[in-house]
Asks: 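Starting off with a structure, shown below.
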Amino acid sequence: MSVLLGCIADDFTGATDLAGTLVREGMRTVQMIDVPTGPVPEVDAVVIALKSRTTPVKDAIVESLSALAWLREAGCRQFFFKYCSTFDSTDKGNIGPVGEALLDALGDDFSIACPAFPRNARTICKGYLFVGDVLLNESGMQDHPLTPMTDANLVRVLDRQTKGAVGLVDYATVRRGALATMEAFSALRGDGTRFAVVDALDDADLKTIGEACADMDLVTGGSGVAMGLPENFRRQGLLEATETADRLTSIDGYAAVLAGSCSRATREQIAIMSRDHPALKIDPLALAKDESVAAQAIDWARPLLADGPLLIYASADPEEVQAAQAALGVERAGALVEEAMAEIARGLIATGVRRLIVAGGETSGAVVGGLGITGLRIGPEIDPGVPWTESLGETPLLLALKSGNFGAPDFFTKAFGQLP
Ligand code: ADP
């Protein structure tokens, strides 16, 4: 069986979010870090995580097309372009130009644009995007440093980004069901419209829209609208009704936590785990003076691993972080910690660690990069937004990559108690 749904996400956490949604809806899903070069994994959906949200338009198009080419080669029947539920973009792009380039490459002429994510209070009404009770351009997004959103009308916003015409399918049509929505798509397509912004106020609307997109080559939107797509494959008999889309291989080995996030949530999680597990703190000032600090940490861990999970962290309270940053510079302090965490991760894996939690977005990126991991199979959720994953490749690992603020106070011990 080849992959059914091929997704291109314009950033890493957006890709994780989408992959989690697809798994919950019953698709076995792998998240690839960058455009893959290796073999096609045995799954129902692949999400390729790019970093194309704010790169120059040309680069975003080139990367997205190369992701599309790989997904087509993998046999995908439908393609999904995932962007942020606040439609993060500028008048230059990148959502519109990438969407149009994908349509052109597929030889198609029509798609939808639906960033709605009602569970996170992102709804679209008459083409206007709301964040909670206010319009997008009053939500704080108007002050975003890279993609200030000063117009909440997505038809206008997308129209400024695209060559083709942009239309609207409003909620009154969506509420009349999938057939009425499909007819509206056909009418717009017939008029030469290239993208239809589609209203959605709740999850039921998203499911209707998903159903109406069954025959569309390319769907674009937030992770919300992807919710309705798996059912189309099930209806066609291509996807089994399964409760086990999140099943991972159980992998034996030692367990460890690496924490580089200095968020309040992570510091509390560290305090709780340190009570009854070995814990070692790494100081960026020491890293700057002594090249062997990471090697010393690995030596510290080696004899302890057989007794259970241990913790190595650089996380510190704001005063300590400021002091390190004042001495080393913000970037150097961060980079020293990230490099050390990557080196320690490699050392721990060489010692037999196969279950690893990493706390911190940037820290996770450094560790995954340092270990040369190319893809992650998405497993069961430990806490909202943080699943266990299984790395692809010769030495599979169970990995939980946690954004700093995520997870309950007992997250680390809880996660090891819920291993696949
Ligand atoms: P979060 O998900 O909480 O934002 P990140 O890993 O993305 O966490 O970011 C935390 C950053 O802080 C990383 O670049 C990390 O290297 C850096 N860092 C960690 N510990 C310290 C410290 N003690 N002093 C200065 N910077 C640190």
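Since this is a predicted model, take the numbers as computed values, not measurements. In each ligand, atom 1 is the first atom listed, and ligand 1 is the first ligand listed.
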Asks: Using a strict cut-off of 4.0 Å, indicate which atoms of ligand 1 neighbour a heavy atom of Ala316.
Replies: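 Reading through ligand 1 atom by atom, the close ones are 23 (N).
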
Asks: Is it the case that more than 12 heavy atoms not belonging to Asp133 sit under 6.0 Å from its CG atom?
Replies: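 Atom CG in Asp133 is not crowded, with 12 or fewer foreign heavy atoms closer than 6.0 Å.
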
Asks: Does Glu338, backbone or side chain, put an N or O under 3.5 Å from an N or O of ligand 1?
Replies: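 Indeed, backbone or side chain, Glu338 has an N or O that close.
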
Asks: Heavy-atom contact under 4.0 Å between Glu320 and ligand 1?
Replies: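 Per 4.0 Å heavy-atom rule, Glu320 does not contact ligand 1.
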
Asks: Is it the case that ligand 1 has an N or O less than 3.5 angstrom from some N or O of Cys262?
Replies: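 Such a contact does not occur with ligand 1.
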
Asks: Using a strict 4.0 Å cut-off to heavy atoms of Gly404, name the atoms of ligand 1 that fall inside it.
Replies: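 This gives 1 (P), 2 (O), 3 (O) as the contact atoms.
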
Asks: Can you find a protein heavy atom under 4.0 Å from atom 7 (O) of ligand 1?
Replies: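 Given the 4.0 Å limit, the answer for atom 7 (O) of ligand 1 is yes, a protein heavy atom qualifies.
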
Asks: Counting heavy atoms not belonging to Phe416, are there more than 12 under 6.0 Å from its CZ?
Replies: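 Atom CZ in Phe416 is packed in, count exceeds 12.
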
Asks: Considering Pro284, Ser263, Gly334, Ala323 one by one, which has a heavy atom nearer to atom 16 (O) of ligand 1 than any of the others?
Replies: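 Ranked by closest heavy atom to atom 16 (O) of ligand 1, first place is Gly334.
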
Asks: I need the atoms of ligand 1 closer than 4.0 Å to a non-hydrogen atom of Glu362, numbered in the order shown.
Replies: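 Near Glu362, the atoms of ligand 1 are 5 (P), 6 (O), 7 (O).
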
Asks: Kindly check if the number of other-residue, nucleotide or ligand heavy atoms within 6.0 Å of NZ (Lys51) is above 12?
Replies: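 Not more than 12 within 6.0 Å, no.
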
Asks: Which protein non-hydrogen atom lies closest to atom 3 (O) of ligand 1, naming both residue and atom, and how far is it?
Replies: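 The closest heavy atom on the protein side is Ser261 OG, 2.7 Å.
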
Asks: Geometry only, no angles: is Ser403 polar-contacting ligand 1 at N/O separations under 3.5 Å?
Replies: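 In this structure, Ser403 places no N or O atom under 3.5 Å from an N or O of ligand 1.
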
Asks: Please confirm whether Phe87 and Tyr83 have ring centers closer than 6.0 angstrom.
Replies: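 That pair passes the under 6.0 Å test.
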
Asks: Among protein heavy atoms, which sits nearest to atom 15 (C) of ligand 1, and what does the distance come to when rounded to 0.1 Å?
Replies: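 Of the protein heavy atoms, Gly260 O, 3.5 Å lies nearest.
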
Asks: Of all the non-hydrogen atoms in the protein, which one sits nearest to atom 4 (O) of ligand 1, and at what distance?
Replies: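 Scanning the protein heavy atoms, the shortest distance from atom 4 (O) of ligand 1 goes to Gly361 N, 4.7 Å.
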
Asks: To check your reading of the model: name the closest protein heavy atom to atom 23 (N) of ligand 1, its residue, and the distance in Å.
Replies: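 Atom 23 (N) of ligand 1 sits closest to the protein heavy atom Ala314 O, 2.9 Å.
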
Asks: Between Glu320 and Lys281, is the salt bridge (charged side-chain N to carboxylate O under 4.0 Å, His left out) condition met? List the steps.
Replies: CA-CA 12 Å; Glu320 243 185 286; Lys281 183 169 175 177; 2.9 Å; yes

Asks: If you count every heavy atom of other residues, nucleotides or ligands that lies below 6.0 Å from Arg247 atom CZ, does the total exceed 12?
Replies: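 12 or below, so no.
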
Asks: Counting only heavy atoms from other residues, nucleotides and ligands, does the tally under 6.0 Å from CZ of Arg77 exceed 12?
Replies: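 Not more than 12 within 6.0 Å, no.
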
Asks: Do Leu310 and Tyr254 have side chains that approach each other closer than 4.5 Å (heavy atoms only, starting at C-beta)?
Replies: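 Leu310 vs Tyr254: side chains apart.
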
Asks: Would one find more than 12 heavy atoms of other residues, nucleotides or ligands at under 6.0 Å from atom CD of Glu240?
Replies: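 No - once you tally the heavy atoms of other residues, nucleotides and ligands closer than 6.0 Å, there are 12 at most.
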
